[in-house]
Structures are given as C-alpha cells and as structure tokens.
Amino acid sequence: ATGAVSPYDGNPVNVPLGLGTANEKLYEVKYNTDGTGYTPTSIKTKYYKVLKRHSVTFNANGGTYSDGSSSKTVLVPHNTQAAAPSGTDVPARAGYTLGDWYTEAACTTQWNFATTPITEDKQLYAKWTANTYTVRFHKNDGSGTTANQNFTYGTSNNLTANTFTRIGYTFDGWAENSDGSGTQYADGQSVNNLTTVQGGTVSLYAKWTANTYTVRFNGNGNTGGTAMSDRTFTYDAAGNLPLNTFTKTGYTFGGWARSSGITTVVRTDGAAANNLAESGTVDLYAVWYKNPTVTFKVEGGTGGSLKGTY
C-alpha cells in the first residue's frame, strides 16, 4: 500500500500486488533503508507489471512425459494464445503417434492454438493414432510365396496361414531370426504389438523340421540269410544302408531296387541312404543276378583229369 512502512526483521518483505478486476496492472515500488541501527540508503524504485494468467494443463491421455508424469501445466496470460508442447515437453506413447490436442478425453473437439485465446483455466487432451506396421514372411529355404500382412498397434490379428513348402521338411511355425532363434510363433497364431515403430517391418522366418522316413528291406525271393530290420533316417541327414544279409542260392546280390519286378538299382550295398523318401515308408527290394554256369564236356577221352580256369 502507498506509504506503508514495514519494520525489517531479517526476513524477506512480501508486498501483495493485486489486480482487482483488471487483466493487468503496472506497479511502482519505492523502498529504502532508514532507522536506528541501519545505514540510511537512497530511495530505489522498481516497476512490476502484474498480469492475469490462466493454467493450461496438457493431459497426455494415455501417454507420459519424459519425467514420467501424465500431465504438464503452464501459465498463459489472459486472452492470449497458448502454444502446443514442443521439443522435450512433448509426451510419448509406445506404439502411437501424437496428433492434435482436444478439449475432452474422447478427443471430439480440437483446440485451435492459432486463433483461440485462453480466457480461463483449461485442460487439453492429447489424441493418439495407433501406428501401423508390416509383417514380412520369409520362406527360409522353402519355396512358394506368402504376401506381406499389415497390422495396427493395439489390435490383435491372426498371422497369415503358411503357404510355403519345402521338400523333405514339415513347417514348424515362425521364428524371429533365420536360424530359428528368437521369439517363436505358431502357424496362424493371434499376435499384436510386434513393433512400436510407425511404418516398421517385422520379419518372420519359416521354421522347418526335417522329416523322418523308414526303410524296409525285402529279400525279393531270397532262399537264405537273415532278416533285416527296418531302419529310420532323417531327410538331408547323413546315413548309410546296412549291409545286405539276404542270400539266394545260385544268385549274387546286386543292390536294391524300388520294386520287386525291376532290376534298376537305386542303392548299392551299404550305400548312402539320404533322401530316399520325403517322408513315410520306402520299400527296397533285393536285386539278384543269376550266377553263370560253366559245363565241361569231354568227348572221346577216357580216364585222367580235367582242369579248367574261369
């Protein structure tokens, strides 16, 4: 108040500067030191402009600010425009992109920072748009094609059913990495939020399990020997057929054929057995070659002995 004198007690002197009904007011403040025990000083003058201001609170509406808070409040002079948060003051939300600011949490009425003045305390709400991303399927040594699939963050969808094939292998789902490591996904699994990046691409690689198959051995008319047990092999894995144990009088074993009525050898005795079949069971039939017969005929001679080399 004009002319007021406050005795100094060592603490800061607070002087209320009111506005009354005005939106702003300019104050002239004069002060000096005087009195017993103080060195007199000349009068000093300072001017203070008091403005009417309003609180504008920016509600992150599901997002957060860098300090972990969910809202930020600024003071804006009466009847002036507020500025939208910028720089480090912009909130973030994983998987979403910040749009405009609205006057309600449901985001139906957009706030116009350029033309709308602040005349009272105001709360504004961030509007978020879910990011979209693409899942790319890799055949990973298989064959065929599978189209890319689009996703929206926060929405679950089933992965496209696999259409890749690979000879001798069974599809065993998807993996994050081509070597089968990382996060695993089943065929057609419901997934969401595979990446937070707007416009990002997630690569999924087909996982393949090598098939096993059984080889059965058929003596194909053998007259002796011992039975041969079935053997199981894995596609693309090294392995050899067991040595033949069948015999047939007057014949020599020549290898294995795919059927009993042909003599085309597909594997020789003890040969590599890899990839005889893609899966299931394969029957191998012994191939027999008739031994040659040599007949010696002696005409006109008697006694003695006969020698021959063959």
Side-chain angles (χ1 to χ4, degrees), residues 60-68 70 85 87-88 90-100 102 105-107 125-215 231-240 272-282:
N61 203 19
T64 56
Y65 289 89
S66 58
D67 61 359
S70 60
T88 57
V90 175
R93 184 180 177 186
Y96 292 81
T97 298
L98 177 64
D100 295 308
Y102 288 73
C107 296
Y125 297 85
K127 182 177 181 179
W128 300 98
T129 300
N131 293 338
T132 58
Y133 59 93
T134 299
V135 173
R136 180 175 297 163
F137 300 96
H138 297 265
K139 54 190 172 185
N140 206 19
D141 293 330
S143 59
T145 58
T146 298
N148 295 342
Q149 187 176 5
N150 295 323
F151 285 83
T152 299
Y153 194 88
T155 302
S156 297
N157 280 301
N158 294 337
L159 291 172
T160 299
N162 171 59
T163 57
F164 296 132
T165 59
R166 185 179 177 186
I167 294 174
Y169 289 79
T170 298
F171 177 73
D172 193 27
W174 305 99
E176 186 178 11
N177 302 306
S178 60
D179 62 0
S181 63
T183 306
Q184 313 285 302
Y185 302 95
D187 193 17
Q189 178 178 330
S190 177
V191 299
N192 64 4
N193 303 350
L194 298 183
T195 180
T196 61
V197 179
Q198 166 61 24
T201 299
V202 176
S203 289
L204 295 182
Y205 296 85
K207 288 179 59 184
W208 301 103
T209 299
N211 296 335
T212 59
Y213 56 92
T214 300
V215 177
R231 292 293 183 90
T232 299
F233 295 91
T234 300
Y235 199 85
D236 270 348
N240 289 76
N274 58 302
N275 304 355
L276 272 170
E278 296 178 21
S279 62
T281 300
V282 58

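Hydrogens, waters and symmetry mates are skipped; everything else that's a heavy atom, side chains included, is used.
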Which heavy-atom pair separates [X] from [Y] by the least distance, and what is that distance?
| X | Y | answer |
| --- | --- | --- |
| Phe137 | Thr146 | CD1-CG2, 3.7 Å |
| Ala237 | Asn274 | O-CB, 3.6 Å |
| Asn140 | Ala206 | ND2-O, 2.9 Å |
| Tyr185 | Leu159 | CB-CD1, 3.8 Å |
| Gln184 | Ala175 | NE2-CB, 3.8 Å |
| Thr234 | Ala210 | CG2-CB, 3.6 Å |

For [Y], does its backbone N or O pair with a side-chain atom of [X] as donor and acceptor, under 3.5 Å?
| X | Y | answer |
| --- | --- | --- |
| Tyr213 | Asn275 | yes |
| Trp208 | Ile167 | no |
| Glu176 | Gly182 | no |
| Asn61 | Ala126 | yes |
| Asp187 | Ala161 | no |
| Thr163 | Thr145 | yes |

- Check the pair Thr88 / Val90 against side-chain contact (heavy atoms from CB on, under 4.5 Å), numbers first and verdict last. CA-CA 6 Å; Thr88 57; Val90 175; over 6 Å; no
- Message: Let's go through Phe171 and Phe164 carefully: what are the C-alpha distance in whole Å and the side-chain angles of both, what is the deciding distance for side-chain contact (heavy atoms from CB on, under 4.5 Å) to 0.1 Å, and is it a yes or a no?
- Response: CA-CA 8 Å; Phe171 177 73; Phe164 296 132; 5.7 Å; no
If you round to the nearest 0.5 Å, how far is [atom2] of [Y] from [atom1] of [X]?
| X | Y | atom1 | atom2 | result |
| --- | --- | --- | --- | --- |
| Gln189 | Ser156 | CD | OG | 10.5 Å |
| Thr195 | Tyr153 | OG1 | OH | 8.5 Å |
| Thr165 | Glu278 | OG1 | CD | 9.5 Å |
| Leu276 | Arg231 | CG | CZ | 13.0 Å |
| Thr129 | Leu98 | OG1 | CG | 8.5 Å |

- Query: Heavy-atom distance under 4.5 Å between the side chains of Asp141 and Arg166, does that happen here?
  - Reply: yes
- Message: Any heavy-atom pair between the side chains of Asn157 and Val191 that's under 4.5 Å?
- Response: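 When only atoms from C-beta onward are counted, Asn157 and Val191 do not touch, as no gap falls below 4.5 Å.
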- Could you go through the side-chain contact (heavy atoms from CB on, under 4.5 Å) check for Phe233 and Asn211 one step at a time? CA-CA 9 Å; Phe233 295 91; Asn211 296 335; over 6 Å; no
- Task: Any chance you could lay out the side-chain contact (heavy atoms from CB on, under 4.5 Å) test for Thr212 and Tyr235, step after step, and finish with the verdict?
- Result: CA-CA 6 Å; Thr212 59; Tyr235 199 85; over 6 Å; no
- Establish, from distance only, whether the side-chain atoms of Thr97 and Gln198 form a donor-acceptor pair under 3.5 Å. no
- Do His138 and Ser203 have a side chain donor and acceptor closer than 3.5 Å?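 Checked: His138/Ser203 side chains pair up, N/O donor to acceptor below 3.5 Å.
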- Message: Here's a test for you: under side-chain hydrogen bond (donor to acceptor under 3.5 Å, both in side chains), which of Thr201, Asn150, Asn148 qualifies with Thr134?
- Response: Asn150
